[in-house]
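The structure under discussion appears below in the form of structure tokens.
For the single chain, residues carry numbers from 1 onward in sequence order. This structure is a prediction, so every number in the text was calculated from the model and none was measured.
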Amino acid sequence: MSAPVLPGAEPFSADAGDGADAVLVVHGFTGCPQSMRGLAEAFAAAGYSVELPLLPGHGTTIEDMLETGWDDWSGAAEAAYQDLAGRSRKVVVAGLSMGGALATWLAAHHPEVAGLVAINAAVEPAGEAMVDILRQTLEQGVTIAPAIGNDVADPAETELAYDGMPVAPLLTLVAAQADLDARLGDIACPVLIFTSRQDHVVPPSNSDYLAAKVSGPVERVFLERSFHVATLDYDKGEIESRSVEFARKAFA
């Protein structure tokens, strides 16, 4: 049985009515909706239906996350997308980090997606050396590695994330990145890519990789003041305004 959801980690939902345009917003690995709530609220304030789900294993205890993996997270993202698509005219998908990978995965599998917003998205396949390290870590009996959350430059902001990194779940993300790689060229919708110049979690090369692989038109925004969790950081206002403007054009 899962632990109770932490205060502040609750999902966000806004309904603009049947037939309205909509945005699905997805948070990152070991994080929760708190990191994306400002962006979700900006989309809602612009008049769109919005869903920001809490992914399985997140927002409670890290022990809950140990039992989950990519299939659980992508299943939750797919269910949220299907719900929105069933009552909306068009849907834009947006995500941070692993949430960016999930949003990219949705765009690759649903050609009807109107646009993709990828914020420091973790999409570049990991090298074999990285995979070997993770496997060896598990073989040594280490199930939780040092935390990767809360990479924020602004000292006034704190990401609500786990204080550790579950190794086995991370391996499922790595495997999914390899599978997704073959589908990136299927993404023909407009793509807005935000990249933090200083990112201590996901190398900025991930953004270059995504921009080069998709077949749709790409708009890039480089964030000079923010670290990985840019949606909570100094550039959050720019992310919100640029994303809302991107969605407006995508829905036109």
Side-chain angles (χ1 to χ4, degrees), residues 2-14 22-44 48 50-62 64-65 68-81 83-84 91-107 116-123 147-152 154 157-166 169-170 172-173 176-177 180 192-194 196 199-202 206 223 226-233 235-236 239-240 243:
S2 296
V5 174
L6 296 170
E10 302 87 359
F12 175 87
S13 180
V23 185
L24 174 62
V25 182
V26 192
H27 68 78
F29 188 81
T30 75
C32 68
Q34 176 251 2
S35 64
M36 299 293 278
R37 194 173 305 275
L39 180 58
E41 290 174 344
F43 282 125
Y48 305 126
V50 181
E51 292 296 336
L52 168 54
L54 174 62
L55 297 176
H58 292 73
T60 55
T61 67
I62 198 167
D64 285 343
M65 192 174 176
T68 66
W70 178 265
D71 288 346
D72 302 293
W73 312 323
S74 60
E78 174 70 18
Y81 172 78
D83 174 63
L84 270 182
V91 180
V92 162
V93 292
L96 165 71
S97 193
M98 180 185 77
L102 286 164
T104 300
W105 179 84
L106 286 169
L116 165 64
V117 180
I119 308 162
N120 294 327
V123 296
I148 59 171
N150 198 37
D151 186 33
V152 182
D154 185 353
E157 294 286 351
T158 301
E159 182 190 17
L160 182 58
Y162 291 146
D163 58 1
M165 180 182 68
L170 180 59
T172 71
L173 169 58
Q177 288 170 328
L180 176 59
L192 174 60
I193 300 176
F194 290 99
S196 293
D199 189 326
H200 307 98
V201 179
V202 173
N206 279 255
L223 308 173
S226 299
F227 293 164
H228 181 64
V229 192
T231 49
L232 289 177
D233 219 331
D235 296 298
K236 61 188 176 185
I239 293 172
E240 291 166 9
S243 296

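- T30 and G164 get closest at one heavy-atom pair: CG2-O, 3.9 Å.
- For the salt bridge (charged side-chain N to carboxylate O under 4.0 Å, His left out) test, residues two or more places apart in sequence or in another chain that qualify with D235 are R225.
- Taking P11 as the reference, L54 meet the side-chain contact (heavy atoms from CB on, under 4.5 Å) condition, with sequence neighbours excluded.
- Summarising the geometry of I62 relative to P166, their closest heavy-atom pair is CG1-CG, 3.8 Å, with the distance given to 0.1 Å.
- Taking the side-chain contact (heavy atoms from CB on, under 4.5 Å) definition, one finds that A22 meets it with S49, L84, S88, V91, sequence neighbours left out.
- Under the ring pair (Phe, Tyr, Trp, His ring centres under 6.0 Å) criterion, Y81 pairs with H110, sequence neighbours left out.
- In this view, S74 and W70, L102, W105 satisfy the side-chain contact (heavy atoms from CB on, under 4.5 Å) rule, not counting sequence neighbours.
- For S243 (side chain) and E240 (main-chain N/O), no donor-acceptor pair under 3.5 Å exists by modelled atom type.
- When the side-chain contact (heavy atoms from CB on, under 4.5 Å) test is applied to S13, the partners found at least two apart in sequence or on another chain are E51.
- Rounding to the nearest 0.5 Å gives a distance of 13.5 Å between NZ of K236 and CG of L223.
- Applying the side-chain hydrogen bond (donor to acceptor under 3.5 Å, both in side chains) criterion to D199, with sequence neighbours excluded, gives H228.
- Side-chain contact between H27 and L96: absent, with no pair of heavy atoms (C-beta onward) separated by less than 4.5 Å.
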Ignoring hydrogens and angles, write down the donor-acceptor pairs under 3.5 Å from the side chains of residues 33-42, residues two or more places apart or on other chains.
residue : atom : partner : partner atom : Å
Q34     : OE1  : L160    : N            : 2.7
Q34     : NE2  : T158    : O            : 2.8
S35     : OG   : C32     : O            : 3.1
R37     : NH1  : E10     : O            : 3.4
R37     : NH2  : G8      : O            : 3.2
R37     : NH2  : E10     : O            : 2.4

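- Looking at E159, its side chain never comes within 3.5 Å of a backbone N or O of L232 through a donor-acceptor pair.
- In plain terms, the two heavy atoms of A103 and G95 that are nearest each other are CB-N, 3.9 Å.
- Under the ring pair (Phe, Tyr, Trp, His ring centres under 6.0 Å) criterion, F12 pairs with no residue, sequence neighbours left out.
- Considering only residues two or more places apart in sequence or on other chains, Y48 meets the ring pair (Phe, Tyr, Trp, His ring centres under 6.0 Å) condition with F251.
- Contact between V202 and A121 at its shortest, heavy atoms only, is CG1-O, 3.7 Å.
- Listed by chain and residue number, nothing satisfies the ring pair (Phe, Tyr, Trp, His ring centres under 6.0 Å) test with Y162 (two or more places apart in sequence, or in another chain).
- Between L24 and D83 there is no side-chain heavy-atom pair separated by less than 4.5 Å.
- Residues satisfying the salt bridge (charged side-chain N to carboxylate O under 4.0 Å, His left out) test with D163, not counting sequence neighbours, are none.
- A distance of 7.5 Å separates OG1 of T172 from CG of D71, quoted to the nearest 0.5 Å.
- When all heavy atoms of P56 and A76 are compared, the closest pair comes out as CD-CB, 3.6 Å.
- A heavy-atom distance below 4.5 Å is found between the side chains of V117 and F194.
- Separating the OG1 atom in T60 from the CG atom in L6 is a distance of 6.5 Å, to the nearest 0.5 Å.
- When the options V201, L170, V26, L55 are evaluated for a side-chain contact (heavy atoms from CB on, under 4.5 Å) with M98, the one that passes is L55.
- Although no hydrogens or angles enter the test, the distance criterion places no donor-acceptor pair under 3.5 Å between the side chain of D154 and the main chain of D233.
- With hydrogens and angles ignored, the 3.5 Å screen pairs no side-chain donor or acceptor of D151 with any backbone N or O of V229.
- Looking at N120, its side chain does come within 3.5 Å of a backbone N or O of S196 through a donor-acceptor pair.
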